[in-house]
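Residue numbers start from 1 in every chain, and the chains themselves are labelled A, B, ... in the order their sequence lines are given, proteins ahead of strands.
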There are 2 protein chains.
Amino acid sequence: MTSTDGSGPRPTKQRLAVLEALASVDDFRSAQEVHEILSSSGSPVGLATVYRTLQLYADQGDVDVLRREDGEAIYRRCSETHHHHLVCRSCGATVEVEGPAVERWTTSMAAEHGFTAVSHTLEIFGTCAACS
Amino acid sequence: MTSTDGSGPRPTKQRLAVLEALASVDDFRSAQEVHEILSSSGSPVGLATVYRTLQLYADQGDVDVLRREDGEAIYRRCSETHHHHLVCRSCGATVEVEGPAVERWTTSMAAEHGFTAVSHTLEIFGTCAACS
DNA sequence: GGCCGTTTGACAACCATTCTCAACTCTGAT
DNA sequence: ATCAGAGTTGAGAATGGTTGTCAAACGGCC
């Protein structure tokens, strides 16, 4: 796994390009979309590499992953603290929100039922002020 | 289509079989799993039909749909009141939980940012006591 | 019984994602 | 600089869930 051996993953050209592409938009994008962005911006990166890179950074917590309603995975570069998203159904605008109370609630709820290794997903969808 | 024309979908043998299969387990099951349950219980139903049926009832709100972490859609016959799920990653055991505080939090958070027509998803995944 | 719209099921098509593997690229040591 | 070896890449194939196709089967209804 090469997890904590000091060397860590190499910041290659391709990986930086993927991060940069994600940074250049501030919405959630699918791997396919990131791949297109890269192709049309003159620094094409193989699709498999895009997937690997997104997964890599997602595992490290450097990008957030969530699922569209049709199941496609979408990625976004986010702040490091744990948070959730308020997403506009119409234009895709995203607001990061924090809810310590929610974190506490999920944790205690899980503990109460004997669950361990707990993770949770919480997303809020709606229509933003500009779109309504 | 055929939404409110009085006739509605026909309660065919296959559709009832799908609902029954879902009722016979009280976990979330994927379409593929439902298909297997039906096959091995002596009332085989085509895979495409299982998908269509689950979608049909999901649209009607008779079954809940959510996504596993790998994106696969899973279905369950649920109580009608709004609630969330605590799901075991390993065996699929499910606990329905309610959290009025969470409902209030999401609502106020959305309002604060001018979002309307709000919905939300909240699922907790973990390893249950029996599986850990 | 026969007509007609609905439903079914076997199979192909789709599409996101992962796998394979040979070629390539860093990094560190000689 | 050169070499070796581990890490990384990319093209294409393989995988697997899901949806589309379409002819055959079914269920009411006259």
Whole Å only: how far is the CZ atom of A:R29 from the P atom of C:dA16?
15 Å
Between D:dT9, D:dG17, D:dG12, which nucleotide gets closest to the side-chain atoms of A:A48?
D:dG12
Could you tell me the separation between the CG atom of B:D59 and the C1' atom of D:dT19, rounded to a whole number of Å?
14 Å
Taken to the nearest whole Å, OH/B:Y51 to C1'/C:dT7 is 19 Å
Using distance alone, with no hydrogens and no angle criterion, decide if B:S43 and B:E20 have a side-chain donor and acceptor under 3.5 Å apart.
no
Please work out which of the three classes, parallel, tilted or perpendicular, describes the rings of A:F28 and A:H85, given edges at 30° and 60°.
perpendicular
For B:T12, answer base if it contacts any base atom (sugar-phosphate contacts may also be present), sugar-phosphate if it contacts only those atoms, and nothing otherwise; contact means non-hydrogen atoms under 4.0 Å.
sugar-phosphate
To the nearest angstrom, the CG-C1' distance between B:L54 and D:dG17 comes to 13 Å
Which of D:dG17, C:dA16, D:dG10 is nearest the side chain of A:Q14? It is D:dG10
Can you tell me how far P of D:dT21 sits from CG of B:L47, to the nearest Å?
17 Å
So what does A:Q55 hit on the nucleic acid, given a heavy-atom distance under 4.0 Å: a base, only sugar-phosphate, or nothing?
sugar-phosphate
In whole angstroms, how far is the C1' atom of D:dT18 from the CG atom of B:L56?
16 Å
Is the backbone of B:V25 close enough, under 3.5 Å, to the side chain of B:R77 for a donor and an acceptor to pair up by distance?
no
On DNA chain D, compare the nucleotides closest to B:K13 and B:R52; which residue's is nearer the 5' end?
B:R52
What nucleotide, of C:dT8, D:dT18, C:dT17, holds the atom closest to the side chain of B:E72?
D:dT18
Among A:L66, A:V97, A:V102, find the one that has a side chain to side chain contact (heavy atoms under 4.5 Å, CB included) with A:L122.
A:V102
Expressed in angstrom and rounded to an integer, what is the separation of B:R15 atom CZ from C:dT6 atom C1'?
8 Å
Return the value, rounded to whole Å, for the distance between atom NE2 of A:H35 and atom P of C:dC15.
16 Å
Hey, is the side chain of B:R68 pairing donor to acceptor with the base of D:dG17 inside 3.5 Å?
no
Could you tell me whether the side chain of B:H35 and the main chain of B:G46 form a donor-acceptor pair under 3.5 Å?
no
